[in-house]
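The block underneath contains the structure these notes are about, expressed in structure tokens.
In what follows, chains are A, B, ... by sequence order, proteins preceding strands, each numbered from 1.
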Amino acid sequence: MAFKSPKGTRDFYPNLMRVQNHIFSIWKNTCKAFGYEEYEGPVFEQLELYTQKSGEEIVEQLYCFKDKGGRDLALRPELTPSLARMVNLKAPELKFPLRWFAVPRLYRYERAQKGRLREFYQLNMDIIGCTSLTAEADLISAVIEMLCAFGLNDKDFAVGLSSRRLIREFLAAQIPEDKIGQVYRVLDKRGKITEDLFNKMLTDLSISQGAIESINSFLNATTLSELKQMQCGGLLDDAVTELEELFNTLERVGYTGYLQLDLSIIRGLDYYTGVVFEVFDRNKSLRAIAGGGRYDNLLANLGGKQLSGVGFGIGDVVLYELLKEKGLLPEKIYGPDYFIVTFGDVDADLLSFARALRGRGKKVLYPLESVKVKKQMSQAVESGADKVIFFGSDKAPAGHFEVKNLETREQAIVAFDDL
RNA sequence: GUGGAUGUAGCUCAGUCGGUAGAGCAAUGGAUUGUGGUUCCAUGGGUCGAGGGUUCAAAUCCCUUCAUUCACCCCA
């Protein structure tokens with residue numbers, strides 16, 4: 001019986017690993033271009049780190065276990081609690097604001113489906129200890145630049161901006177405080193269900209017809225001016241102004257085509273308190289590519305100081321699906337500079353020649369067994385090598401080698417020093 | 001946890017009314033013993049997911065089970 005990889009996990013054969021490294025490298029290069037520093041935490045944490053924030057029911061969605069000392073642990077389903085924990089521990093000596101990133105491997109015990117696995121990677125970028133909207137602007141700018149670096153553009157994706165604060169304040173003006181949590185859940189489903197069902201679900205929560213109409217027109221707003229017209233006696237001024245400022249900034253930087261007001265974005269239930277955003281593909285055929293927002297209380301809730309953070313995560317699985325759909329996965333394989341083809345045996349002479357070339361900083365590959373030249377040529381092409389060096393050729397004078405460029409098929413005699 | 005779809009060669013998939021298994025690609029060898037992605041020829045490769053049932057006969061029909069996948073629930 002052959003073993004398969006466990007449900008919801010992937011085997012990264014070199015073909016796929018190459019793509020994965022491409023994704024990681026664009027992620028990390030973008031973070032570095034923005035000056036963020038990399039950090040990392042443990043792959044497992046105390047179970048309580050997650051239950052404290054989200055309640056016991058989250059245990060169903062976690063890979064959790066007891067270690068040999070009887071401690072309850074869980075494989076991390078997200079990195080932000082670890083980040084908060086790490087920041088809290090060293091807060092006195094850290095220089096705020098922090099701009100940190102990480103590429104954690106994460107684990108969630110749930111049914112796998114398109115764009116969603118049990119083991120995956122996610123880039124996290126966070127700013128901690130900054131209340132300025134520039135933090136939001138910086139992160140949104142980073143996610144746009146990063147996606148563009150993959151070859152995507154404003155026809156492929158957009159950033160939907162919303163505000164938990166605005167939605168909360170709007171709802172507070174419409175409906176009783178104790179209903180807000182339930183209403184959030186319904187709002188979150190709005191995109192997937194019919195309008196009638198949406199209205200019915202709100203009616204079932206004893207929301208008045210007037211309030212339902214008001215909620216619908218609020219959520220349908222696609223521009224800030226629409227939003228301003230429906231303000232309830234100035235209650236929402238600050239939250240709207242905040243969004244307006246963020247839009248203005250990002251538009252002036254040059255991201256107009258990428259931005260969209262989308263108040264249907266709620267992002268989970270707790271955790272976020274201010275601006276929230278999601279990146280989605282224009283076809284809307286995939287789940288969200290990235291998502292994030294501002295969290296004011298997370299660090300304090302985990303026993304630290306009151307520090308405001310903003311962050312987002314972007315997973316590798318949906319991004320991969322999108323890049324594949326758009327034909328943007330890298331095809332060219334990274335290969336060595338030289339593949340040595342020998343007319344004689346693969347022996348110590350060949351290996352020491354390879355060693356000399358590597359000493360000159362070249363990436364060098366050679367056949368591991370003495371096989372026909374024809375077959376060696378195939379191996380050379382297969383390896384993605386730029387050039388072939390013919391070793392043991394009687395057509396080249398001493399200290400010189402026949403070199404063939406595999407792309408142009410041109411062949412020349414080159415002195416060792418010019419290799 | 002619920003519902004649908006799919007399991008046949010390394011990969012992508014055909015397989016009609018039930019009659020003991022096919023193609024393309026890939027692999028290997030040759031045409032071509034010192035030069036690669038083309039071409040031609042040949043060769044190898046199968047527990048038809050597994051188990052049971054019906055039948056003279058099952059990849060095909062029935063039952064069970066496992067796996068994969070999509071959607072729902074959930075989505076940090």
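The pair Lys200(A)-Asp196(A) does not count as a salt bridge, with every side-chain nitrogen at least 4.0 angstrom from each carboxylate oxygen. Using a 4.0 Å cut-off between charged nitrogen and carboxylate oxygen, Arg10(A) and Glu119(A) do not count as a salt-bridge pair. Ion pair Arg76(A)/Glu40(A) flagged as a salt bridge, since at least one NZ, NE, NH1 or NH2 atom sits closer than 4.0 Å to an Asp/Glu carboxylate oxygen. Here Asp337(A) does not pair with Arg360(A) in a salt bridge; the nearest charged N to carboxylate O distance is not below 4.0 Å.
Under the Watson-Crick and G-U wobble criteria, each requiring two contacts below 3.5 Å, nucleotide C17(B) is left unpaired. Using the Watson-Crick or G-U wobble rule with both distances under 3.5 Å, C61(B) pairs with G53(B). A23(B) is paired with U12(B) under the Watson-Crick or G-U wobble criterion, all donor-acceptor distances under 3.5 Å. Across every strand in view, U35(B) sits unpaired, with no contact that passes the Watson-Crick or G-U test at under 3.5 angstrom. Across every strand in view, C48(B) sits unpaired, with no contact that passes the Watson-Crick or G-U test at under 3.5 angstrom. In this structure, C73(B) forms no base pair with any nucleotide, since neither Watson-Crick nor G-U wobble geometry is met with both distances under 3.5 Å. Under the Watson-Crick or G-U wobble criterion, with both distances below 3.5 Å, A67(B) is paired with U6(B).
The separation of G44(B) from A9(B), taken at their C1' atoms, amounts to 11 Å, rounded to a whole angstrom. Look at the C1' atom in both U39(B) and U20(B): the space between them is 37 Å, to the nearest Å. Here the separation of U38(B) from U28(B), taken at their P atoms, is 13 Å to the nearest Å. The same atom, C1', is picked in U69(B) and in G49(B); the two are 15 Å apart, to the nearest Å. G22(B) and A59(B) have their C1' atoms separated by 12 Å, given to the nearest Å. Here the separation of C62(B) from U54(B), taken at their C1' atoms, is 7 Å to the nearest Å. Taking atom P on both G37(B) and A27(B), the two are 11 Å apart, rounded to the nearest angstrom. A gap of 13 Å separates the C1' atoms of C13(B) and C48(B), to the nearest Å.
Remark: of the listed residues Tyr39(A), Tyr36(A), Phe34(A), Tyr39(A) is the sole one forming a ring-ring contact (aromatic ring centres under 6.0 Å, His included) with Trp100(A).
Residue Glu60(A) is classed as having no contact, given no heavy-atom separation below 4.0 Å to the nucleic acid. Contacts of Thr80(A) with the nucleic acid, taken as non-hydrogen atoms under 4.0 Å apart, are absent. Using a 4.0 Å heavy-atom cutoff across all strands shown, Glu382(A) reaches no nucleic acid atom at all. Using a 4.0 Å heavy-atom distance criterion, Leu106(A) is classed as making no nucleic acid contact. As judged by a 4.0 angstrom heavy-atom cut-off over every strand, Phe390(A) is placed among the base-contacting residues. Gln411(A) comes within contact range of at least one nucleobase, with a heavy-atom separation under 4.0 Å. Residue Lys404(A) is in base contact, counting any heavy-atom pair closer than 4.0 Å across all strands shown.
Picking from C74(B), A71(B), U35(B) the nucleotide with the shortest atom distance to the side chain of Glu402(A) gives U35(B). Closest to the Gln113(A) side chain, of the nucleotides A76(B), C70(B), G36(B), is C70(B). When distances are taken from the side chain of Lys375(A) to each of G36(B), C73(B), U28(B), the shortest belongs to U28(B).
Using a 4.0 Å cut-off, no side-chain N or O of Gln61(A) falls inside it from OP1 or OP2 of C74(B). Between Lys7(A) and the phosphate of U68(B), there is a side-chain N or O to OP1/OP2 separation shorter than 4.0 Å. At least one side-chain nitrogen or oxygen of Lys189(A) sits closer than 4.0 Å to the OP1 or OP2 atom of C74(B). Distances shown here put a side-chain N or O of Arg185(A) below 4.0 Å from the OP1 or OP2 atom of C74(B).
Geometrically, Arg164(A) engages Tyr184(A) in a cation-pi contact defined by less than 6.0 Å to the ring centre and at most 45° from the axis.
Note that the CG atom of Asp138(A) and the CG atom of Leu250(A) stand 10.0 Å from one another [nearest 0.5 Å].
Looking at which nucleotide of RNA chain B each of Val373(A) and Arg287(A) is closest to, the 5′-most match is held by Val373(A).
Donor-acceptor pairing under 3.5 Å, judged by distance alone, is present between the side chain of Arg111(A) and the base of U2(B).
Between the P atom of C75(B) and the CD atom of Glu119(A) lies a distance of 22 Å, rounded to the nearest Å.
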